[in-house]
Amino acid sequence: MTSAVHHVLTYTGTTPITRGGRGLGVRLCSYSRRPATVIEVGGEIDAHNAQHVTDYLADFIYVGHPLVLDLSGVDFLSTAGFSAIQQFAEECRRGERHWALVSSHAVKILLRVEPNHRLPTAGSVDTALQRFAAVPKPAWKLRAVTAP
């Protein structure tokens, strides 16, 4: 007898954040994909919406498994947006949360400007998930990894 495993994506926050009927230019959503939760961010992260991004990310710090911060859909990242990511990284470090960052072209530009960022990057969501699947649960902690 054979069994098939199907991945079901459950979105927990697919509606773009808005204020006063006007969009903030950023899309935030998350879904579970074993063995991690994927936090997907798209659009532009700038001074106008960086605090909203920071607040959204803070809700995931103490989940019981690794996190993948998927910024592959980010078209623009300001220094305020980069600060939001750095704050998330610091909170993950303090919470001993194992996580990975998937970058877009816009994010990679800022990462090159700040070469000592020490953020755990991965080339894709699938690559990050494969890394987490290969790590025994007790060893899940924040560590810097280099993109392949």
Salt bridge (charged side-chain N to carboxylate O under 4.0 Å, His left out) between Arg131 and Asp126, intermediate numbers included:
CA-CA 9 Å; Arg131 286 182 191 160; Asp126 288 336; over 6 Å; no
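- Taking the six-membered ring wherever Trp is involved, the centroid distance between the rings of Phe88 and Trp99 falls below 6.0 Å.
- Of all the heavy atoms in Ser103 and Lys108, the pair that sits closest is CB-CG, 3.6 Å.
- Ile39 CD1 to Phe60 CZ: the interatomic distance, rounded to the nearest 0.5 Å, is 5.0 Å.
- A distance-only check finds no donor-acceptor pair linking the side chain of Arg97 to the backbone of Pro66 [under 3.5 Å].
- Atom OG of Ser30 sits about 11.5 Å away from atom CG of Leu69, to the nearest 0.5 Å.
- Both Tyr62 and Leu28 are part of a single hydrophobic cluster, where members link through side-chain heavy atoms under 4.5 Å apart.
- Residues satisfying the salt bridge (charged side-chain N to carboxylate O under 4.0 Å, His left out) test with Asp55, not counting sequence neighbours, are none.
- Residue Arg33 holds its CZ atom at 10.5 Å from CD of Glu40, rounded to the nearest 0.5 Å.
- Without hydrogens or angle criteria, Thr54 side chain to Ala50 main chain gives a donor-acceptor distance under 3.5 Å.
- Residue His105 holds its NE2 atom at 14.0 Å from OG of Ser72, rounded to the nearest 0.5 Å.
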Check: residues 74-86 side-chain donor-acceptor pairs under 3.5 Å, at least two apart:
from: Ser78; atom 1: OG; to: Ile45; atom 2: O; distance (Å): 3.4
from: Ser78; atom 1: OG; to: Ala80; atom 2: N; distance (Å): 3.2
from: Ser78; atom 1: OG; to: Gly81; atom 2: N; distance (Å): 3.2
from: Ser83; atom 1: OG; to: Thr79; atom 2: O; distance (Å): 3.1

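- Distance check, rounded to the nearest 0.5 Å: NE2 of His65 to CZ of Phe132 gives 10.5 Å.
- Rounding to the nearest 0.5 angstrom, the gap separating the CG atom in Leu71 from the CG atom in Leu111 is 9.0 Å.
- Looking at heavy atoms from C-beta onward, Val68 lies out of side-chain contact with Thr37 at the 4.5 angstrom threshold.
- Between Cys92 and Ile61, the closest heavy-atom pair is SG-CD1, 3.8 Å.
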